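Input: a single structure, listed below in structure tokens.
Computed from heavy atoms alone, side chains included, the values below leave out hydrogens, waters and symmetry copies. Just so you know, these numbers come straight off a predicted model, no measurement behind them. Chain letters run A, B, ... following the sequence lines, proteins first and then strands; every chain starts at 1.
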Amino acid sequence: MTFRLYDTQTREVRDFVPLEEGRAGVYVCGLTVQSEPHVGHIRSGVAFDVLRRWLTHRGLEVTFIRNVTDIDDKILAKAAEQGRPWYNLAYAMHRELDRAYAALNVAPPTYEPGATGHVPEMVELIERLVERGHAYAADDGSGDVYFDVRSWPSYGELTSQRIDDMEAAQDADPRGKRDPRDFALWKGRKDSEPESASWPSPWGRGRPGWHIECSAMAGKYLGTAFDIHGGGVDLRFPHHENEQAQSRAAGHAFASYWMHNAWITTAGEKMSKSLGNSLTVPAVLQRYRGVELRFYVVAAHYRSHVEFSFEALDEAAQGFRRIENFLDRAGATGDAPAELPEPFVAAMDDDLGTPAAVAVVYDAVREGNRLLASGEDAAALAGQVRAMLDVLGLDPADPAWPGSGSGDDARLTQAVDVLVGGLLEERTRARAEKDFAAADAIRDRLKDAGIEIEDTPTGPKWSIS
RNA sequence: GGUGGGUUGGCCGAGAGGCGAGGCAACGGACUGCAAAUCCGUGUACACGGGUUCAAAUCCCGUACCCACCUCCA
């Protein structure tokens, strides 16, 4: 069976056929680094990380490019508001984003290009569009350069819209545009903007428009034709439509497949509108581990809208602990890679069907627990479970998880182990003497401290509840 | 106005013509001194109204409600 994925443009699930056998080029629109990342922001990071892992698992050599937009109106506005240089804000938020990705075990891309580092490439592309008659410099002296939407007959093909049906932006002042739908490739510098936020160009100093960066950077790192382009649903229009139009107008074949992840909302609203900052990734990670948050995201299909709630996250965390528990009990410490169960492969091959894939994980866990309950060996199943989790980026033993390994955490665990161990010995003595009141008192005391006791055939075990 | 998506059991969340995905919670049983963990068992779910079909949550028509995008939101 082949890997099949849903292509936004054709609106159907299609076989994935790479342009070059054995290789896949993937470009994902990353974030504009203007504020702390919230839970919604990291969904595309996780979703496309799963895509990348799956393609890799299928034996493809994946070149994975995910950009960051490090210059735009909002960054300039926010930085001015906060009284700091725009590049300082962008850089600080970029580092926050890196931390969030790392906490969720999202592997770093092959390369993460930023817009400000690729101005010459963008200028080159714009010049080409002007030469070909698909772009023009505004004649109002602004220094702006626009893409000429009417010059490109297939404009609207990605989102199946016709130009005449589109509403012109209400807030867009027509400036030097020939058509209100024309979009900026290059924005002439305004006096209100810092000198440092402008670059030289044939049209005077200025900065790039939003869409052009992705066309230029995808071209540079993946070539004029590549396999998959991804991003959030909201980017379909205008961003991706414009990217495709300008790239193809420049003579590039561009992406073969378009993938778009759905939103995570709160209270039915997009998160950017939500009050407070309780849903930033760092805030959520104070209450849940990164694996748990990732599991919550992966357990839903990437094209399904998720209504975020702590109750649902709680459930997910609960379920994930059951999986970990099994791994623990089965002693799945080895890293001999196991074969993936066929239903798991089928689920993943079907447009990354992670919900069905997770169900297969649970099936294996239940079966494994059954074996353990009857005193049999479950190591083989545990190996399978770990192999499946690994593909989903959820293997608890993956050293890539922050905090794993021998840091302060490990030393703390050791210290607690010694202290709890003493109490457990006392409890075992009390139980042997049938002094259950004393035994339970110890258990209750530990529970109050957040430590759960579990009696197993090999003696009591403790864990953080 | 245009384009696309959604409405599934107490909750989360899959599926897309025919044997009840899976999880969380709940209840009963086994195990346990009691628990915990684990296993076994327990559920007349598919927004509404028509239609097609031997068979519809799934296809068709209509209705209601919700959501996203329509030129710098993941």
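- Between the CE atom of Met388(A) and the C1' atom of rG22(B) there is a distance of 13 Å, given to the nearest Å.
- Between the side chains of Glu243(A) and Ser215(A), no donor N or O sits under 3.5 Å from an acceptor N or O.
- Across the C1' atoms, rG49(B) and rU7(B) are found 16 Å apart, a figure rounded to whole Å.
- Here the side chain of Ala312(A) is nearest to one of rG33(B), rA14(B), rC12(B), namely rC12(B).
- Nucleic acid contact class of Ser160(A) (heavy atoms, under 4.0 Å, all strands): sugar-phosphate only.
- The same atom, C1', is picked in rU58(B) and in rA14(B); the two are 13 Å apart, to the nearest Å.
- Counting to the nearest Å, the C1' atom of rC70(B) and the NE2 atom of His260(A) are 15 Å from each other.
- Taking a pair to require two hydrogen-bonding distances under 3.5 Å in either a Watson-Crick or a G-U wobble arrangement, rC59(B) pairs with rG51(B).
- Rounded to whole Å, the separation between the C1' atoms of rU53(B) and rG17(B) comes to 9 Å.
- Checking rA74(B), rA14(B), rG23(B) against every side-chain atom of Glu315(A), the shortest atom distance belongs to rG23(B).
- Among the atoms of the strands shown, base atoms are found under 4.0 Å from some heavy atom of Gln161(A).
- Checking rU71(B), rC24(B), rA21(B) against every side-chain atom of Ala359(A), the shortest atom distance belongs to rA21(B).
- Looking at heavy-atom distances under 4.0 Å, Phe183(A) makes contact with a base.
- Here Ile453(A) lies in heavy-atom contact (under 4.0 Å) with a base.
- Within 4.0 Å of Ser309(A), counting heavy atoms only, lies no atom of the nucleic acid at all.
- Residue contacts shown for Asn242(A) include a base, since a base heavy atom lies under 4.0 Å away.
- Less than 6.0 angstrom separates the ring centroid of His211(A) from the ring centroid of Phe183(A).
- In this structure, the CD1 atom of Ile75(A) is 11 Å from the P atom of rC73(B), given to the nearest Å.
- For Arg322(A), taking side-chain heavy atoms from C-beta onward, the closest of the listed nucleotides rG22(B), rC24(B), rA74(B) is rC24(B).
- Closest approach to the Thr32(A) side chain among rG22(B), rA74(B), rC24(B) is made by rA74(B) (side chain taken as heavy atoms from C-beta onward).
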- Please walk me through it: do Arg370(A) and Glu376(A) pass salt bridge (charged side-chain N to carboxylate O under 4.0 Å, His left out)? CA-CA 9 Å; Arg370(A) 195 178 292 141; Glu376(A) 292 170 68; over 6 Å; no

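- In this structure, a donor-acceptor pair under 3.5 Å is present between the side chains of Tyr146(A) and Asp144(A).
- At rC70(B), none of the side-chain N or O atoms of Arg181(A) fall inside 4.0 Å of OP1 or OP2 (strictly under the cut-off).
- Computed from coordinates, the His239(A) NE2 to rC70(B) C1' distance equals 16 Å when rounded to whole Å.
- We find that the ring of Tyr362(A) and the base of rG22(B) do not stack by the test of centres under 5.5 angstrom and planes tilted less than 30°.
- Remark: the Tyr288(A) side chain and the Asp314(A) side chain contain an N/O donor-acceptor pair separated by less than 3.5 Å.
- Residue Tyr155(A) is in base contact, counting any heavy-atom pair closer than 4.0 Å across all strands shown.
- Look at the P atom in both rG13(B) and rG28(B): the space between them is 28 Å, to the nearest Å.
- Here the separation of rC54(B) from rG15(B), taken at their P atoms, is 29 Å to the nearest Å.
- As judged by a 4.0 angstrom heavy-atom cut-off over every strand, Lys434(A) is placed among residues making no nucleic acid contact.
- Looking at the side chain of Arg329(A), the nearest of the listed nucleotides rU38(B), rC39(B), rG22(B) is rU38(B).
- No engagement by Arg43(A) is indicated, since no non-hydrogen atom pair under 4.0 Å with the nucleic acid exists.
- Of the nucleotides present, rU7(B) is the one that pairs with rA64(B) by Watson-Crick or G-U wobble criteria, both distances under 3.5 Å.
- Here Asn369(A) reaches the OP1 or OP2 of rC39(B): one of its side-chain N or O atoms lies under 4.0 Å away.
- Between Arg11(A) and rG4(B) there is a side-chain N or O to OP1 or OP2 distance below 4.0 Å.
- His41(A) and His38(A) have parallel rings, their planes meeting at less than 30° on a 0 to 90° scale where 60° marks the start of perpendicular.
- At the heavy-atom level, Arg431(A) lies under 4.0 Å from base atoms of the strands shown.
- The one candidate from Tyr257(A), Trp210(A), Trp258(A) that meets the ring-ring contact (aromatic ring centres under 6.0 Å, His included) condition with His240(A) is Trp258(A).
- Of the side-chain N and O atoms in Arg427(A), none sit less than 4.0 angstrom from OP1 or OP2 of rG33(B).
- Of the residues near RNA chain B, His301(A) and Arg236(A), the one whose nearest nucleotide (by heavy atom distance) lies more toward the 5' end is Arg236(A).
- One C1' atom belongs to rC48(B), the other to rG6(B), and the distance between them is 16 Å to the nearest Å.
- A salt bridge links Asp440(A) and Arg443(A); the closest N-O separation between the charged side-chain nitrogens and carboxylate oxygens is under 4.0 Å.
- Looking at the side chain of Ala373(A), the nearest of the listed nucleotides rU71(B), rC39(B), rA74(B) is rC39(B).
- Put simply, Lys74(A) has a side-chain N or O that comes within less than 4.0 Å of OP1 or OP2 on rC73(B).
- Across rU52(B) and rC27(B), the matching C1' atoms stand 42 Å from one another, rounded to whole Å.
- Rounded to a whole Å, the CZ atom of Arg303(A) is 13 Å from the C1' atom of rG15(B).
- Between Asp165(A) atom CG and rU71(B) atom C1' the separation is 16 Å, expressed in whole Å.
- Using cut-offs of 30° and 60° for the angle between ring planes, the Trp152(A) and His134(A) rings count as perpendicular.
- To the nearest whole angstrom, the two P atoms, one in rA25(B) and one in rC11(B), are 16 Å apart.
- Partner assigned to rC69(B) is rG2(B), using Watson-Crick or G-U wobble distances below 3.5 angstrom.
- Within the 4.0 angstrom heavy-atom criterion, base atoms lie near Asp440(A).
- In this structure, rC27(B) and rG41(B) make a Watson-Crick or G-U wobble pair, each of the two defining distances being under 3.5 angstrom.
- Aromatic ring centres of Trp263(A) and His305(A) lie farther apart than the 6.0 Å criterion allows.
- A sub-4.0 Å separation between OP1 or OP2 of rC34(B) and a side-chain N or O of Arg443(A) is absent.
- Ser374(A) comes within 4.0 angstrom of nothing in the nucleic acid, heavy atoms only.
- Between Ala300(A) and Pro208(A), the residue whose closest nucleotide on RNA chain B is further toward the 5' end is Ala300(A).
- Following rounding to the nearest Å, Ile323(A) (CD1) and rU38(B) (P) show an atom-to-atom distance of 11 Å.
- Protein atom CD of Glu311(A) is 10 Å distant from nucleotide atom P of rC12(B), rounded to whole Å.
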